[in-house]
2 protein chains.
Amino acid sequence: MPNALTRRLSEYTDLTDDDLARLAMLSAQPTRKVGARRDLIRQGDRPRSIYLILEGWGCHYRSLADGRRQIVDFAIPGDLCDLNVYILDRMDHSIAAVTDLKVAEIDREALLDLATNSPNITTALWCQELACKSINREWILNVGQRRARERIAHLFCEMFLRLETVGLTSGYSCDLPLTQNDIADATGLTPVHVNRTIKELREMELVMIRSRRLTILDMAGLQDIAQFSPDYLHLKRNARHSDAMRGGSTIAPPDDPGVAIAV
Amino acid sequence: MPNALTRRLSEYTDLTDDDLARLAMLSAQPTRKVGARRDLIRQGDRPRSIYLILEGWGCHYRSLADGRRQIVDFAIPGDLCDLNVYILDRMDHSIAAVTDLKVAEIDREALLDLATNSPNITTALWCQELACKSINREWILNVGQRRARERIAHLFCEMFLRLETVGLTSGYSCDLPLTQNDIADATGLTPVHVNRTIKELREMELVMIRSRRLTILDMAGLQDIAQFSPDYLHLKRNARHSDAMRGGSTIAPPDDPGVAIAV
DNA sequence: CGTTCAGTTGACCATGATCAAGAGTGGTGG
DNA sequence: CCACCACTCTTGATCATGGTCAACTGAACG
């Protein structure tokens, strides 16, 4: 089974066997484990290497002096955290582990080597970087213009699709290891209001959340509410997602047995 | 007098005479003029070249089907609009002219040539790209966590400092060719509320806005309200900005004669 | 079992939205 | 030169989305 990074990058270009081998080596870099809720790196720190998420969820966040915190993106398996972090002197934001996290630490040389020897991968990495920027823009739109119900619906749509891209969904279900507090920090709402809003989505029979797992009961309805359109994710091959994303059927498959899908 | 791009990039690295010559050639690429309020390129369009803003203000925005619009960044002289736009198939957002705009259209070859022949410039361009992403993150924080007064104060601080970087301020004044509607779209507020909030900032004697020009009367106070810290802009040389940014004095210089500063 | 943390619910409040009308301001053409 | 038009700014009145405070439930874990 291909790993998450491979699946992710092959959204952007065709990878040769040679490319695949190089990517496999990347994931085999020294790994680091970080416990849930701990910071991987903190605003102001001097970055040493680039992180590749192998297992678990992380989040990028920025906070204000008085404690207000904004999650600006989530990081899931296959995501590279700030590709070019080695150009910067200081981190301008923090990265935390949402769940227990396994990351590969890729040093500058390994990445440069990759860039010089595989133009395909370089292109794919650029695409990933651009797609990430596009996600940032969508989040500004989300928080700036959408209202509570739309915001949360949008977040669910986005994360489901991103997880699907790396093979971490089954049917209409995926892991969602976020507390309502996390969702609040990501959407600019309060935990209390997130709670009420999710309740609404539940009562509208759009989603079901149980033991840290999200099941989308009505994909078309959820996307509709969110005014979600997957273009901004730049998944060139999203034809592959047609069944789930077209949302033609509102019938969810029976709750899967919850088997964790290996990265 | 150095042009805006040069000033901008020399924030990030030291440029040799050779670099400067190359950059001068960039600005001499075929230019295009776009009238105020017109779109430069629209979401869904196939990008042809990269735009370098020579004169005027632009904005990047995304909108929803029902007309809600979110400005996700402003573009001022010296800004390159989506450096790597040529990798993408379709624009995921639109770029519009806020004022009459003069842009250089840089084609792929010219940029590649630059990248291969001047490592300094390449590094600087990367830094610009990263700084832009950092600005995106800050905007998510701004819209997600700050309240109206803080948001607008933050926007003023940011734009003033960005303009200062490219030499487009005089004393504590700078052009601010935005309508209150634009500010509303950038901050996720309504025009009416923007109006009331600016009135507050005026009554607090923090800023003065007259005929599309912003004067910051109390830099320290404004930054304080906004919880603004310039780190996220990644201006390595912001020692240079010490006088304006430290905000030691609350006395603004007399309103300058409003001479437009050439790019 | 008790402790802790996430989720849930209620009551009340405030920030900012909405609706509406009027005041400046600048540009254009008669 | 003035009249008109369009656009932006301004202000008031009212409303609603979402915030705040607080208490309680339920599950997980030692």
Side-chain angles (χ1 to χ4, degrees), chain A residues 35-38 57 59 64 66-71 97-100 142-155 175-203 207-214 225 258, chain B residues 35-38 57 64 66-71 96-100 142-155 175-203 207-214 225 258:
Chain A
R37 305 288 146 189
R38 314 231 23 191
W57 283 43
C59 69
L64 295 174
D66 58 17
R68 282 177 281 176
R69 182 176 100 124
Q70 177 70 40
I71 292 176
V98 171
T99 63
D100 284 345
N142 203 34
V143 173
Q145 299 297 328
R146 289 195 179 86
R147 44 195 48 204
R149 199 192 297 170
E150 304 166 329
R151 272 186 226 180
I152 293 178
H154 190 278
L155 179 66
D175 281 338
L176 190 85
L178 306 174
T179 64
Q180 294 184 351
N181 214 320
D182 296 328
I183 297 176
D185 285 346
T187 53
L189 301 165
T190 55
V192 173
H193 202 64
V194 166
N195 183 287
R196 289 191 232 268
T197 307
I198 290 181
K199 185 183 173 192
E200 271 179 44
L201 294 177
R202 209 188 308 128
E203 283 168 354
V207 301
M208 192 173 75
I209 299 178
R210 201 184 301 158
S211 60
R212 299 282 120 104
R213 237 181 127 70
L214 166 73
I225 286 228
Chain B
R37 305 288 146 189
R38 314 231 25 191
W57 283 43
L64 295 174
D66 59 16
R68 282 176 282 175
R69 184 175 98 125
Q70 177 70 39
I71 292 176
V98 170
T99 62
D100 284 345
N142 202 34
V143 173
Q145 300 297 330
R146 289 192 178 87
R147 41 194 51 200
R149 198 192 295 170
E150 304 166 329
R151 273 186 226 180
I152 293 178
H154 190 276
L155 180 66
D175 282 338
L176 191 85
L178 305 174
T179 64
Q180 294 183 352
N181 214 321
D182 296 327
I183 297 176
D185 286 345
T187 53
L189 301 165
T190 54
V192 173
H193 201 63
V194 166
N195 182 287
R196 290 191 232 268
T197 307
I198 290 181
K199 185 184 174 192
E200 272 180 44
L201 294 177
R202 208 189 310 128
E203 284 168 354
V207 301
M208 192 174 72
I209 299 178
R210 199 184 303 158
S211 57
R212 298 281 118 105
R213 240 183 124 68
L214 165 72
I225 286 228

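Atom set for the values below is all heavy atoms of this structure, side chains included, hydrogens, waters and symmetry mates excluded.
- In this structure, the side chains of A/I152 and A/L189 come closer than 4.5 Å at one or more pairs of heavy atoms.
- Note that CZ of B/R151 is 9.5 Å distant from CD of B/Q145, once rounded to the nearest 0.5 Å.
- For the atom pair B/L178 CG and B/I71 CD1, the distance stands at 7.0 Å (nearest 0.5 Å).
- Salt bridge status for B/R69 with B/D182: present, with a side-chain N to carboxylate O gap under 4.0 Å.
- Dashed line: the shortest gap from a side-chain N or O of A/Q180 to OP1 or OP2 of C/dC5 is not under 4.0 Å.
- Looking at heavy-atom distances under 4.0 Å, A/R149 makes no contact with the nucleic acid at all.
- The neighbour count for A/R38 CZ, taken as heavy atoms of other residues, nucleotides or ligands under 6.0 Å away, does not exceed 12.
- At whole-Å resolution of the value, CZ in A/R151 and P in D/dG18 are 7 Å apart.
- Counting any heavy atom pair closer than 4.0 Å across all strands shown, A/R37 reaches no nucleic acid atom.
- Side chain B/R196 to base D/dG12: a donor-acceptor pair is found below 3.5 Å.
- Atom CG in A/N181 sits roughly 8 Å away from atom P in C/dG7 (whole-Å rounding).
- Between the CD atom of B/E200 and the C1' atom of C/dG16 there is a distance of 11 Å, rounded to whole Å.
- If you measure from atom CG of B/D185 to atom P of C/dA17, you get 12 Å, rounded to the nearest angstrom.
- Summarising the geometry, the separation between NE2 on B/H193 and P on D/dT14 is reported as 19 Å, rounded to the nearest angstrom.
- Taking 4.0 angstrom as the limit, B/K199 places a side-chain polar atom (N or O) nearer than this to OP1 or OP2 of D/dT11.
- With D/dT10, C/dT18, D/dT8 as the choices, the nucleotide that has an atom nearest any side-chain atom of B/T190 turns out to be C/dT18.
- In this structure, CD of A/E203 is placed 11 Å from P of C/dT8, rounded to the nearest angstrom.
- Rounding to whole angstrom units, CD1 of residue A/I198 and P of D/dG18 are separated by 14 Å.
- Across the protein-nucleic acid pair, A/R146 atom CZ and D/dG18 atom P stand 13 Å apart, rounded to whole Å.
- Between A/R212 and B/R147, the residue anchored nearer the 5' end of DNA chain C, judged by the nucleotide with its closest heavy atom, is A/R212.
- In the set C/dG10, D/dG18, C/dT15, the nucleotide with an atom closest to the side chain of A/V192 is C/dG10.
- Nearer to the 5' terminus of DNA chain D, by closest-nucleotide assignment, is the contact made by B/T179 (compared with the other of B/T179 and A/A148).
- The side chain of B/L189 lies closest to C/dG16, out of C/dG16, C/dT8, D/dT11.
- Distance from the side chain of A/N195 is smallest for C/dG7 among the nucleotides C/dG7, D/dT20, C/dT18.
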